[in-house]
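Contents: one structure, followed by commentary.
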Amino acid sequence: MREFAVFWGCTIPARFPFIEKATRVVFDDLGAMVHELAGHTCCPEGTLVKANDEDAFYTAAARNLAIVEKAGLGVVTPCNGCYSTFKEAASHLRAEWRDRDAINERLASEDLRYTGDLEIAHFAEWLADTVGAGALSTRVTRPLWGMRVAVHYGCHLLRPQPAVRWDDPLHPTKVEELVSALGAQVVDYTTKMQCCGGALDRVGEREGSLAFARRKLADVQNEGADALVVVCPSCFQQFDLNQAALQRANEDVHVPVFYLSELVALAMGHEPEELGLGMHRVSVDPFFDRWKARSEEKRRLAEHFDVGLLAKCDACQACKDDCPVCKVDPAFQPNEIIADLLAGRLDGVIAEGQLWKCIECYTCQEMCHSRIGMAGVFRQLKELALERGAGPEAVGAAYAEFLKTGALGKPRESARKKLGLDPLPAGGGDAVARLLSPTVGAADGTEKE
C-alpha cells in the first residue's frame, strides 16, 4: 500500500506534533502518497467510549472507515489505539452483519457506507510489510551503529489476535527487525511484553500508572539500553511524560524515549532540530552523545576490521557453542567477543585477554556457511594486542627466541642418538635472524648502514 489515507487520531496532533512531523518525513522519504481526508473524528477510544455505549463505538469507527472507503483508499495510522479500534470494528462488523446493516442505514444520511473492504494498517506494519526491513536498511545514511535500543510494542498493536493478526501477540519480532535495519542493537528485557499501564491514568489510577512506567523503565535501564522505542502515542506519553514526573520526584530513571518514525528519520539523515526532538519531556541529549561517541568507535574499529562482516557474524550466531574451547572453558565466548567489538569495546577486548584462548583450530571457519569464521578476527586482535604490548609473556618470549634462533626449541641430539637417529643438518636460524633484523635491507639482503 503506497497510496493511502493517514489517520492521525487525537493524541498525536494534540500532544505530540513532533511524532506527526517525523512520520510525515518518513512517508515522504519512502515515496508514500498520503491523503488526509476531511470529516474524521476520534477513532473512538475503546476504554472511554465502548464501555459507555458499544453501538456508539462501532458506529463512529465504521463512519471513520467509510470516509476512507468512499475515497477508494486504505488507511494507515501511527496510533495503536486507533489501529485496535479499526481492527476490532472491522472484525465485529464482518461477523455481525445485522449490526453493520443497522449502522449503514444511519450512515446513508451522510452518503456513506461501510463495507469492510478497505485495508487497515499501523505505521509499523506498513513499514515492515510494505517497505520491508531490507529496503529500509538501504535508505539509511546515518546508521545507529552501536546504539542499544529496547522495543516496546504496546498491547493494541498485537492484540486481540483474532482481530489484529499482524505479528505474534506474545513473541513479536517485526519492530525489532526494523530497529536492526537502522543499524541499532536490539536489547531484550524481562518486561518487554508488559502493558505500558497508561490506561490506568484515564480511570483515575495515577499511582498504578506510574508503577507500570517505573517498572519497565527500570528494566530497560538495567539492561543498559540507550533508548526505548515505542509505536504508540499513548505509550510515548506514559514513558516520556510520566518518566519526567518520576524524575521530578528524584527517582533514578533516565531513559530517552523515541517514537519509531523519529529513529527512522534520524537514521535517514534528518536532524533532531528539524524533527522537534527538543519537545520531548525527557532529554534525548544522552542518546545523541552516545551515538556520536560510538560513531567514532566504529571509525576506529573499521581501521582494523570489516565492520559489515562483523555485524553479519554477530547476527548469525549459527556457530554458537561449536568452539571446542568454550566447551571446556565457558568463560570464553567468541560470539560475545564479536558483539563486544561491535559495541565499541575494542580496547576492553584487548585488555581483558580472553582473545588469546582462540587456538586457531578453524572449526568456526569450516562450519561458517558464509565463509566468515572468527579465527581471522582473533588473529587480527592478537596482532593489535601485541602492538600495544598487551600479549601474554609466553608469546613475547617465544617470539624473541624465534627472532634469535629461527626455532622454538633445540633438538635433543643425545636422546635422538640413543634412538639411532642421525644428527640433524645445521639449521637456518642465523639466516632468519639476519633477514628479520631491522638493520637488513629487504630488497637485496645487504646490511643497512
Side-chain angles (χ1 to χ4, degrees), residues 1 7-12 41-66 68-69 74-100 102-103 114-130 151-178 191-203 205 208-209 212 216 229-239 259-260:
M1 193 164 47
F7 188 91
W8 295 110
C10 302
T11 306
I12 289 176
T41 64
C42 174
C43 58
E45 201 279 333
T47 302
L48 304 181
V49 177
K50 190 178 180 183
N52 279 289
D53 186 339
E54 191 172 81
D55 181 60
F57 175 80
Y58 287 122
T59 299
R63 180 183 172 280
N64 282 321
L65 293 174
V68 179
E69 281 193 351
V75 64
V76 173
T77 179
C79 173
N80 283 13
C82 301
Y83 178 71
S84 177
T85 291
F86 291 160
K87 283 287 193 179
E88 187 178 350
S91 177
H92 175 78
L93 297 178
R94 186 182 307 117
E96 302 297 334
W97 60 270
R98 292 182 180 84
D99 290 353
R100 186 179 67 238
I103 289 171
Y114 172 70
T115 66
D117 293 334
L118 81 166
E119 188 175 351
I120 302 165
H122 187 281
F123 170 73
E125 181 181 8
W126 176 80
L127 207 56
D129 293 352
T130 299
V151 172
H152 170 77
Y153 276 83
C155 305
H156 297 135
L157 180 63
L158 306 168
R159 301 188 287 267
Q161 170 74 342
V164 175
R165 297 181 182 277
W166 178 49
D167 204 343
D168 187 309
L170 298 177
H171 305 286
T173 59
K174 290 190 176 181
V175 175
E176 280 93 337
E177 290 168 6
L178 293 172
T191 54
K192 183 178 85 172
M193 296 311 299
Q194 176 185 285
C195 175
C196 73
L200 290 173
D201 251 343
R202 300 195 191 102
V203 297
E205 297 290 338
S209 175
F212 267 80
K216 176 162 287 210
V229 64
V230 301
V231 289
C232 172
S234 293
C235 300
F236 182 88
Q237 177 173 325
Q238 173 73 334
F239 295 123
Y259 185 84
L260 178 61

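Starting from 1, each residue takes its place in the sequence as its number. Remember, predicted model here, so these are calculated numbers, not experimental data.
Side-chain N or O atoms of Y114 include none that pairs as donor or acceptor with a backbone N or O of L93 at under 3.5 Å. The backbone N or O of L157 lies less than 3.5 Å from no partner atom in the side chain of W166, so there is not a single donor-acceptor pair. Between the side chain of N52 and the backbone N or O of L48, at least one donor-acceptor pair lies under 3.5 Å. One N or O on the side chain of T59 and one on the backbone of D55 form a donor-acceptor pair closer than 3.5 Å. D167 contributes a side-chain N or O that, together with a main-chain N or O of T173, makes up a donor-acceptor pair within less than 3.5 Å.
Minimum heavy-atom separation, D201 to Q238: OD2-OE1, 4.4 Å. Across every non-hydrogen atom of H152 and K216, the tightest pair is ND1-NZ, 2.8 Å. The minimum heavy-atom distance linking L158 with M193 is given by the pair CD1-CE, 3.6 Å. Of all heavy-atom pairs between A163 and S91, the closest is CB-CB, 3.8 Å.
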Worked verdict on R202 versus S234 for side chain to side chain contact (heavy atoms under 4.5 Å, CB included): CA-CA 11 Å; R202 300 195 191 102; S234 293; 2.9 Å; yes

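Ring orientation note: the planes of H92 and Y58 are close to parallel, at an angle under 30° on the 30°/60° scale.
Annotation: side chain of I12 is in contact with side chain of P78 (closest heavy-atom distance under 4.5 Å). Put simply, the side chain of P44 reaches to within 4.5 Å of the side chain of T85, judged on heavy atoms.
T115 and E69 share a side-chain donor-acceptor pair at under 3.5 Å.
E125 is linked by a salt bridge (charged side-chain N to carboxylate O under 4.0 Å, His left out) to nothing, counting only residues two or more places apart in sequence or in another chain.
Residue H156 places its NE2 atom among 12 or fewer non-hydrogen atoms of other residues, nucleotides or ligands, all under 6.0 Å distant.
Put simply, the residue from F123, Y83, W126, F86 that forms a ring pair (Phe, Tyr, Trp, His ring centres under 6.0 Å) with F7 is F86.
In this structure, the separation between CG on L260 and SG on C232 is 12.5 Å, given to the nearest 0.5 Å.
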